[in-house]
Amino acid sequence: MERKPERKPEDVVNFAAGPAKLPREVLLEAQVAALNWEGTGIGVMELSHRSKEFDRIQNECIGTLRRLIQIPDNYKVLLLQGGGTGEFAALPLNLTQSSDEVADYFVTGTWSQKSAKEAEKYIKVNYVLPKTSKYIEVPHESKWQLTPEASYVYYCDNETVHGVEFPSIPNVGEGKTLVCDMSSNFLTRPIDVSKYGVIFAGAQKNVGCSGVTIVIIREDLIGKTRKNCPIILDYTVQAGINSLYNTPCTWAVYILGQVLKWVEKQGGVTAMQANSATKSTMVFDVIASSNGFYYLPVAENSRSRVNVPFRVGSEENREKLEAEFLEEASSRGLLQLKGHRSVGGIRASLYNALMPNDVEKLTTFMKEFMEKKK
Ligand SMILES: Cc1ncc(COP(=O)(O)O)c(C=O)c1O
């Protein structure tokens with residue numbers, strides 16, 4: 001079998017949408033911890049989840065997260081399994097009592113669409129926004145249709161596939177239980193947790209590897225789980241036992257804790273926010289000054305700072321140019337830039353572990369490619 005030439009991590013930039021790049025420092029420490037955690041002679045994956053050592057790993061991880069986004073005392077942090085997709089079902093099963101209840105769903109892309117579909121198995125879903133097959137914006141408030149009696153209001157802060165991000169917390173009125181999927185922009189800007197009933201995020205984009213999902217929930221919403229909710233998705237049970245009902249993905253919890261400490265060392269979420277602005281502006285600027293050679297379909301006030309989908313060339317030569325773009329980018333070590341199969345084109349994911357100098361390699365390439373092809 002033909003072997004590809006070997007590459008070192010420092011020769012490449014990984015623009016994957018998730019699982020995604022992890023900070024190098026975290027991986028270097030993880031190598032050691034995998035074999036021998038803190039000189040115990042036992043690798044971190046070999047520690048019992050019932051041991052005092054793992055208890056410390058879990059509690060330090062939660063403590064760091066609490067500090068990073070100032071989680072108020074009346075919120076619990078759960079570390080669960082089942083991914084973001086697990087939460088799509090967990091939410092209606094924990095926040096509503098019967099299939100007659102209604103929840104409002106903002107659908108702005110693939111992930112909120114999937115979540116609304118899953119919720120329809122358990123409750124009535126009111127689609128707040130006009131239905132569309134093109135997700136290119138968060139429509140203006142004048143187009144929102146909210147239900148006064150909704151048990152909760154759901155939105156996805158950043159749509160990973162379509163690159164649509166809410167510029168700020170949607171104003172859905174006083175007293176509503178706001179539920180948010182922050183899987184792909186978690187910790188890329190400050191979060192006012194007190195505005196939410198529930199926030200959830202899979203770790204594998206900005207804060208770790210796959211296997212753990214963070215759920216931040218206001219305490220008064222706990223204790224209302226439906227009787228037929230699978231116990232693994234039961235917030236009441238998991239909150240009562242520090243998310244240790246069954247064997248957690250201990251490795252993913254360890255990595256999450258290490259990435260959170262790394263974020264803290266970098267200057268916290270405000271530093272991540274500044275980096276996100278710098279990185280995304282670099283890419284937006286090349287697109288804007290390309291005279292249409294590059295095209296970003298998302299409306300300016302809704303374009304994501306972390307997933308930038310764009311097209312190359314015109315309708316006639318797009319397929320060929322995009323294939324060449326990906327091929328040449330890859331030969332320069334700029335990897336995993338292919339857009340999601342449902343939208344095509346290119347997608348640059350600019351998560352926290354990517355630095356502006358990594359993104360500069362992409363923008364330099366984009367300019368050179370345009371000069372050569374236009
Ligand atoms: C915004 C968002 N929500 C939910 C999910 C689903 O997460 P999981 O694959 O962990 O179930 C994804 C996956 O990429 C996502 O990007």
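Just follow the structure's listing: the first ligand is 1, and inside any ligand the first atom is 1. From a predicted model like this one, the values you see are computed outputs, not experimental measurements. All heavy atoms count here, side chains included; hydrogens, waters and symmetry mates do not.
A donor and an acceptor atom, one from each side chain of Tyr122 and Glu101, are nowhere located under 3.5 Å apart. At a cut-off of 3.5 Å, with distance as the only test, a side-chain donor of Asn317 or Ser314 sits close to an acceptor on the other residue.
Between atom CD1 of residue Ile346 and atom CG of residue Leu334 there is a gap of 11.5 Å, rounded to the nearest 0.5 Å. Interatomic distance, CG of Asn242 versus NZ of Lys76, reported as 9.0 Å (0.5 Å rounding).
Nearest-residue assignment for atom 5 (C) of ligand 1 (options Phe200, Phe186, Trp111; heavy-atom criterion): Trp111. Proximity annotation for atom 10 (O) of ligand 1: of Gln204, Gln81, His340, Gln204 comes nearest, heavy atoms only.
For ligand 1 and Gly83, the ligand atoms under 4.0 Å from any heavy atom of the residue are 10 (O), 11 (O). Residue Cys156 approaches ligand 1 through these ligand atoms, each under 4.0 Å from one of its heavy atoms: 1 (C). For ligand 1, the atoms closer than 4.0 angstrom to any heavy atom of Thr160 are 1 (C), 2 (C), 15 (C), 16 (O). Atoms of ligand 1 found under 4.0 Å from any heavy atom of Gly84, numbered from 1 in the order shown, are 7 (O), 8 (P), 10 (O), 11 (O). Residue contact check: Phe88 has heavy atoms under 4.0 Å from atoms 4 (C) of ligand 1.
Ranking protein heavy atoms by distance to atom 11 (O) of ligand 1, first place goes to Thr85 OG1, 2.5 Å. In terms of protein heavy-atom proximity, atom 14 (O) of ligand 1 is closest to Lys205 NZ, 2.8 Å.
Applying the side chain to side chain donor-acceptor pair (under 3.5 Å) test between Ser349 and each of Asn14, Asn206, Asn307, Thr160 identifies Asn307 as the sole match. Among the candidates Lys195, Arg305, Arg189, the single residue satisfying the salt bridge (Lys or Arg N to Asp or Glu O under 4.0 Å) test with Asp157 is Arg189.
Under the 6.0 Å cut-off for aromatic ring centres, Tyr351 and Phe15 do not qualify, their centroids lying 6.0 Å or more apart. Ring centroids of Phe166 and Tyr155 are separated by less than 6.0 Å, placing the two rings close together.
In this structure, Glu87 has no heavy atom closer than 4.0 Å to ligand 1. Heavy-atom separations between Asn158 and ligand 1 include at least one value shorter than 4.0 Å.
Leu187 approaches Leu260 most closely through the heavy-atom pair CD1-CD2, 3.5 Å.
Polar contact check, Ser184 against ligand 1: no nitrogen or oxygen pair lies under 3.5 Å apart.
The part of Asp181 lying near ligand 1 is the side chain, judged by heavy-atom distances below 4.0 Å.
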